[in-house]
Structure formats: structure tokens, C-alpha cells
S.K.: 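Got a structure for you, questions after.
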2 protein chains.
Amino acid sequence: MTPSSTRGLKRRAAFGEGRPRGKNRAARDKLDLAELNGHVGYFLRRLQVAIFKDFIETLADFDVRPAQYSVLVLIAANPGRSQAAISKTLNIERARLARMLHELERRQWVERRSAANDGRSHSLLLTPAGQKVLAQIKRLAARHEKQAAEMIGAERRAQLLALLREFG
Amino acid sequence: MTPSSTRGLKRRAAFGEGRPRGKNRAARDKLDLAELNGHVGYFLRRLQVAIFKDFIETLADFDVRPAQYSVLVLIAANPGRSQAAISKTLNIERARLARMLHELERRQWVERRSAANDGRSHSLLLTPAGQKVLAQIKRLAARHEKQAAEMIGAERRAQLLALLREFG
DNA sequence: TATTGTTATACTCTATAACTATA
DNA sequence: TATAGTTATAGAGTATAACAATA
């Protein structure tokens, strides 16, 4: 967790001096956002990037990215379903999902069986190793979610979650 | 605006039949999101992608992406500032900003002057042509924002904007 | 020594198209 | 004809590192 620009949103105002100088000169250079203040997409994007960054750092030991995590969770909760079903639910391009599953199969976390009723589709399952590692990954994901709550405030996180889930 | 997967979040339940078949079979395949239901980042990401998609489509005639738009707006509202100032405010890597400004300069929307007081930095300005085109772009961006409000509901958009701005 | 801007590389994600095999 | 999965390509965005010029 580096003291990078993302985290730098807060901090500040912790210096008793008038105008920050030297390394903190950057903080003074905040510009007028103008029309951006009226775009919900702008703020949505900023927060999403900050949260994904924390997710990636928190799960770095397993080298699991958010998209991979969402696929693993979906396979675990819906064993035997097809790539198309996962793809549609998560809005992941089937082309990209195919490559991602290759990687998850290489790690021996996921297994593809050809479906009994439809020769075209694959049934997706977690391997025993995959189930084991997912349990650990979920613990880290839960830790990340706590960190996100600290970052943005538990109250605001709850309100955001309610608003966003309500939509889709 | 295609009837793509993004928009497909709603629709459904508009069919008097029991289980949808054929083309609507996909709608039946919605899976259990399990732990994803507790991750604010997951829903944040979904909405951000949907909104950016609408932005890109609405501004397709000018071939302006969200990041480019934010840079143009910032330069217009803060003329003469450096690349470093823009970069820090928008959390865009300075390396990426350099390439983006190359493209905006190629279109003759932006001008780089070497700063008077600091030989290292550039003062960024819109050209007259850039100011003209930005006025049109802003009108389309306002239309996009209206569409976003229709998509997620004006009420929810306002609540989201308030929550998100309050944070960062 | 630190900062500004630049070039380069690598990886993730998105968007398409083309192809096969099955239905 | 349409769907499931695969491979390939191109572009955007992110993350680094290395470098020259300047402070």
C-alpha cells in the first residue's frame, strides 16, 4: 500500500503551516473541476479505481484481480453452469472469459466439462484446490471490503451499496 | 445506443409467458451473485461501465473519450497550468497525459507553451478552435448526463452525486 | 537531489471479427 | 440460422522504468 495519489485524496489539512511547500506543493495545485462537478460518471470512476486498487493490493498474494474473483465466486455459487451464463451475468465478453478460464484452469482452480445435454457448452466447476483457495480469497476480499468502508466511511458505503444494488 | 447487454439490466417481466424461450432464454440464466452482493466495488464498476459507454456513444461524432473530455474541461477552466497539475488533479499518469496531449495537439485543440517561470514545465491552453469545439462537446456531455439520469433515475443520480462528491 | 516532461514496455480490459462445432 | 466456445487483433487505460533538461 503505497502513499500514492489515490490515497492522497484525504490527508492534507494536517499541517499547521499556511500554504504547503516542497513535497506538499502538489496538494496546493488542486484545480477547478468546473463541469466535471456535474458528472456522476466522473466521481463514480474515481471511487471505482480507488476501490479496485485496494482490492488488487489486498489480494496480491493470490494474484487475483476483481474480474477473476467475480468469476470464481459465480462458479462456486452456481456450479455446472456454462460460460455463456457467466458471461451474461457479469457482462464479460465471452472471448475474454475464455482466455480468463484458460488461466484459471492452468492454476488448477477451475475445471471445464462438456455439458451432458448440449455438446457446445461447458459445465464450469471449481476443483477441490479451487474451493480451498477461494475460501482464503474470500477472507481477503472481506478484509478489502472493510478497508473500503474505512476509506469512504461505513455509513456512505452502506448508502452507496443500497443505491447501486437497487439499480442493477 | 444498441439494445446491448448493458441496457438489458432492466426490460424482462414484460412477457406474459411463464419462462422466456428462444432469444429470451438468456434472461432466465441470471445466476446467484453470492458474495458479490456485498461488494460495493462490484456495483460501482457495473454502473461506471454503463455510464461511460453512454458517454462514448453520445460523443462519438467528436471521438472524445471520458478522459480526454476531463482534460479539455480542466484546461479550459484552468488555462496556463502545467501538465503536472492536470495529472495530479485527475489522477492520470503523466506519461499517459503526455501522449494524450500529443493527440489533442494534433487535432489543434490544445497548445503547449513553455512556462515563463519554470523551464521544465508547459503551460496548457485551448486554441480558439479548441474552445469552439469544447462548447459543442459540453452540450453533448450535458445530453449524456440527462441520459444517465433517465437510465438510473434522476433521484438516484442526485443521491449518488452527493455521496460521491462528498468523498472525493 | 527532486521535478517536468518524454519515450518505451508490459499487462489488463474492451470491442470486433472470423472461425468450428453443435443445435 | 442461431448459439457456444475459441483465436486473433486493435485500442484504451494502468503501471513502471529510464532518460534529458531544469530546478
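All chains are named by letter (A, B, ...) in the order of the sequence lines, taking the proteins before the strands, and each is independently numbered beginning at 1. Since the structure is predicted, the reported quantities are computational estimates derived from the model, not experimental observations.
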S.K.: Report the distance from atom CG of B/Leu101 to atom P of C/dT4, rounded to the nearest whole Å.
M.R.: 15 Å

S.K.: Quick test of your reading: applying ring pair (Phe, Tyr, Trp, His ring centres under 6.0 Å), list the pairs with at least one residue in residues 139-164 of chain B, sequence neighbours left out, ordered by first then second residue.
M.R.: B/Phe55-B/His144

S.K.: List every contact pair, protein side and nucleotides 13-19 of chain D side both N or O, where the distance is under 3.5 Å.
M.R.:
from   : atom 1 : to      : atom 2 : distance (Å)
D/dG13 : OP2    : B/Arg96 : NH2    : 2.7
D/dG13 : O5'    : B/Arg96 : NH2    : 3.2
D/dG13 : O3'    : A/Arg45 : NH2    : 2.9
D/dT14 : OP1    : A/Arg45 : NH2    : 2.7
D/dT14 : OP2    : B/Arg96 : NH1    : 3.0

S.K.: Are A/His102 and D/dT7 close enough that a side-chain N or O sits under 4.0 Å from OP1 or OP2?
M.R.: yes

S.K.: Restricting to pairs with a member in residues 124-138 of chain A, which pass salt bridge (charged side-chain N to carboxylate O under 4.0 Å, His left out), not counting sequence neighbours?
M.R.: A/Lys138-B/Glu35

S.K.: Ignoring backbone atoms, establish whether A/Gln83 has a side-chain N or O less than 4.0 Å from OP1 or OP2 of D/dT6.
M.R.: yes

S.K.: Tell me whether B/Arg99 is salt-bridged to B/Glu103, with the criterion being a basic N under 4.0 Å from an acidic carboxylate O.
M.R.: no

S.K.: Please give, in whole Å, the distance from C/dC13 P to A/Phe55 CZ?
M.R.: 11 Å

S.K.: Return a table of donor-acceptor pairs under 3.5 angstrom between the side chains of residues 64-76 of chain A and protein atoms on other chains or two or more places apart.
M.R.:
from    : atom 1 : to      : atom 2 : distance (Å)
A/Gln68 : OE1    : A/Arg65 : N      : 2.8
A/Tyr69 : OH     : B/His39 : NE2    : 2.9
A/Ser70 : OG     : A/Ala67 : O      : 2.7

S.K.: OP1, OP2 of C/dT3 versus side-chain N and O of B/Lys88: anything below 4.0 Å?
M.R.: no

S.K.: With no hydrogens and no angle check, do the side chains of B/Arg156 and B/Gln159 hold a donor and an acceptor under 3.5 Å apart?
M.R.: no

S.K.: Among residues 111-122 of chain A, which ones have heavy-atom contacts with DNA chain D below 4.0 Å?
M.R.: A/Arg112, A/Arg120, A/Ser121, A/His122

S.K.: Please name all residues satisfying side-chain hydrogen bond (donor to acceptor under 3.5 Å, both in side chains) with A/Arg112, sequence neighbours left out, ordered by chain then number.
M.R.: A/Gln83, A/Glu105

